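A quick note: this is a predicted structure, and the numbers were derived from the prediction, not measured.
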Amino acid sequence: MLTGDIPPNQTIYIKNLNEKVKKEELKRSLYCLFSQYGRILDVVALKTARLRGQAWVVFSEVTAASNAVRQMQGFPFYDKPMRIQYAKTKSDCIAEAEGVYDPNAKKKKKQEEKAERKKRAEEAQQSAPANGKPAESNGGPTSFRQGNQSAQETVPPNNILFIQNLPHETTSMMLQVLFQQYPGFREVRMIEAKPGIAFVEFEDDVQSSMAMQALQGFKITPQNPMAITYAKKKTLKPLRAELLSRTLHRYPHIEYLDLTVCPRIEDSMLNVVSLACKDALCSINLSRSRKLRLICLKWCLKISDLGVQLLALKCKEIRSLDLSYLQITEKCLPSILQLQHLEDLVLEGCLGINDDGLSTLQQSCKSLKTLNMSNCHNHSHVGLLSLINGAENLRELTLAYGPSVTADLAKSLHNFSGLHSVKFDGCLVKCSGIRAIGNWPNSLKELSFSKCSGVTDDSLSFLVQGHKELRKLDITCCRMIMYDSVDSITSSCCSLTSLRMESCSLVPKEAFVLFGQRCQLMEELDVTDTKIDDEGLKSISRCSKLSSLKLGICMNITDNGLKHIGSRCSKLKELDLYRSLGITDEGIAAVTFGCPDLEVINIAYNDKVTDASLISLSRCSRLRVLEIRGCPHVSSKGLSAIAVGCRQLMVLDIKKCFNINDNAMLSLAQFSQNLKQINLSYCSVTDVGLLALASVNRLQNITVLHLGGLTPNGLAAALLACRGITKVKLHASFKPLIPKSLLGYIEAHGCVFHWRDKAFQPCRF
DNA sequence: AGCACA
């Protein structure tokens, strides 16, 4: 037997210890090592000739000592296997505690023993202990676990652990002793100048997590419970940039990204970097990448003129440069305009750019094709002209939410003969400005006055007569226009492929007939919130290339109109019937028969639509997006049919579909493996349905507000099971009911929680 | 190999 004939004792006796280790360190290390078995009352080690290489560890319980003897037998400690037995006698500190300690009697006894020892020097026998394996992490020091949980909440798992609150005398060997008990241990790193902290590296983050769990709150001294978190990775020097897209999301704390060894950095890789490293990234080294063509610095608020100048100086191949919302001024513009290949320049929201600065520009950029100066308020057409001076290839200009569209502005653009596309969204528009645009010598292909105020029937009618080649026109929310505009648009611009006129609510229903009569090349039509009726739809159905049709809040349309669309628009991919209350199952059925390629449909808030609609929609095998929010008469039966028929389904909104329950979730779990996003708020789905849904591998985004059948535990289980989840919208009342540590764990795996506290809205219907 | 409490 390992312990010889010595009876169990709450003190263990250890021999074969490395004699080179200093006494204090030895004691601390032993304390660290054996604390996993229970509370330690004392560690005794002496360096006298007779007692060196041995030690006693006193536990508060015999069972702890027994476990220690068995499990740590042969454990390699400072390179030597420990030999462990029970101590032969009671330790003084125990005797003292029990009130049986008599120092005088002990002294006497000691002297006697010393004399006897001489006689029996050779008789002393110790049975050699057998070899054992080091302990696995079964049963750690639970009573010591009281780590600083909050510190680890958002740090993602890392194979490196960060240890804080260590007593200053801690050595790396002590920590090694402590951490090497756990599989995968690699090394301990301490920084001399920074006592109290250490980094402990494991093979992988599963193994580091095990060690963290076991040693969280471990006390090297009673005052120092150690706080273990995953180390934050701050610098990264990848060898192959093409793998960044898969790995970078795990390191949101990266501050410095060194891409100098990556041979071929491409623009798309930097896009990946910017998406993954949102807040922390301060520095990126691209010194091998002189050939970058596309650089987007949007919202990089700390980059100013100097940075942009350096960039322009170094990366001469830049084709596309986005400097949106940077605090730059005219100072960096000369170096930008000298870029010989620059084609796209985005200066959105650059408020530091004004007429004074622009007026000093000497350069011109011949290669420039597109310029976006949306949300720039501090310049006029004069400054704009200085900027695009000599840009003879300019094709697209976006001046949304900027200075008023005046005749002066329009005239200053008069001679840019290559201009194809101009966007003035959200600008104040003067009639004289619109008329001046109408006088440009070359026809535009694309024009947007979305949400502009000041667009009148007269001026718009005049404008379109001068731009007969127009393909795309956006007059969303130009609320003053009436019949005449539509008449002029359709008669002048016969090649129109896209017209957006949401909320042009003064246009009479007779006007919509003109589209089918005159603009049969139409592919995209947005007549949301207008007076269009079935006659209009009948006419529009002559546009056989129609691919997107938006009829939300169109109260004058019925199934009859949709039947026309279904009978002739076989290319339809997107149909929006949001709150178009005249539509029933019959209309939907007609569309699904005639438009089998339908990919996106919205029938939200329609109280006449039932499962029959969903069953007919299940024929559309390419359906990707289905919005049936607020349809009280659809149930699990219909949605199950969708799940079976529409395997491409990616986005599903079934908010307030009170009759949809767990059964539909089971069908989705079984068939809809492409589902990425779902809104389940107010449905009759419970823990069971949500957990079933968790098996959909691609699920990234779920909204679960006001689900009566959802419990905190059910939610927690489902969230744990959703491995790829990145965004969860939940009611704030759940927040205190889910363990913080669990939320931290899920967040650490890349999920963002959005807590909403909107009150429960009772059923509208 | 060695069983103490500086």
Which whole-number value in Å describes the distance from [X] [atom1] to [N] [atom2]?
X        : N      : atom1 : atom2 : answer
Lys23(A) : dA4(B) : NZ    : P     : 15 Å
Gln54(A) : dA1(B) : CD    : P     : 11 Å
Leu41(A) : dC5(B) : CG    : C1'   : 13 Å
Leu17(A) : dC3(B) : CG    : C1'   : 13 Å
Ile6(A)  : dA4(B) : CD1   : P     : 12 Å
Met82(A) : dC3(B) : CE    : P     : 19 Å
Glu24(A) : dA6(B) : CD    : P     : 12 Å
Asp92(A) : dC5(B) : CG    : P     : 8 Å

Non-neighbouring partners of Glu25(A) that pass salt bridge (Lys or Arg N to Asp or Glu O under 4.0 Å), sequence neighbours left out: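 Salt bridge (Lys or Arg N to Asp or Glu O under 4.0 Å) check on Glu25(A) returns nothing, list empty.
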
Main-chain N/O of Val688(A) paired to Thr686(A) side chain as donor or acceptor, under 3.5 Å: yes

Test item: side-chain donor near acceptor, Ser208(A) and Tyr182(A), under 3.5 Å: no

Short side-chain donor-acceptor distance under 3.5 Å, Ser209(A) and Tyr230(A):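 The answer is yes; a qualifying pair exists.
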
Contact nearer the 5' end of DNA chain B, comparing Lys80(A) with Leu51(A): Lys80(A)

DNA chain B: 5'-proximal contact among Gly53(A) and Val44(A) (nearest heavy atom):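 The residue mapped nearer the 5' terminus is Gly53(A).
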
Sugar-phosphate, base or nothing in reach of Glu19(A), heavy atoms under 4.0 Å: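 It contacts base atoms.
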
Touch class at under 4.0 angstrom, heavy-atom based, for Lys90(A) against every strand present: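 Contact class for Lys90(A): base.
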
Arg83(A) side-chain N/O to dA1(B) phosphate OP1/OP2 under 4.0 Å: no

Donor/acceptor link under 3.5 angstrom from Thr48(A) side chain onto base of dA4(B):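 Donor-acceptor pair under 3.5 Å: no.
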
Side chains of residues 712-728 of chain A: which donor-acceptor pairs under 3.5 Å do they make with residues two or more places apart or in other chains?
| from | atom 1 | to | atom 2 | distance (Å) |
| --- | --- | --- | --- | --- |
| Thr726(A) | OG1 | Gln700(A) | O | 3.1 |

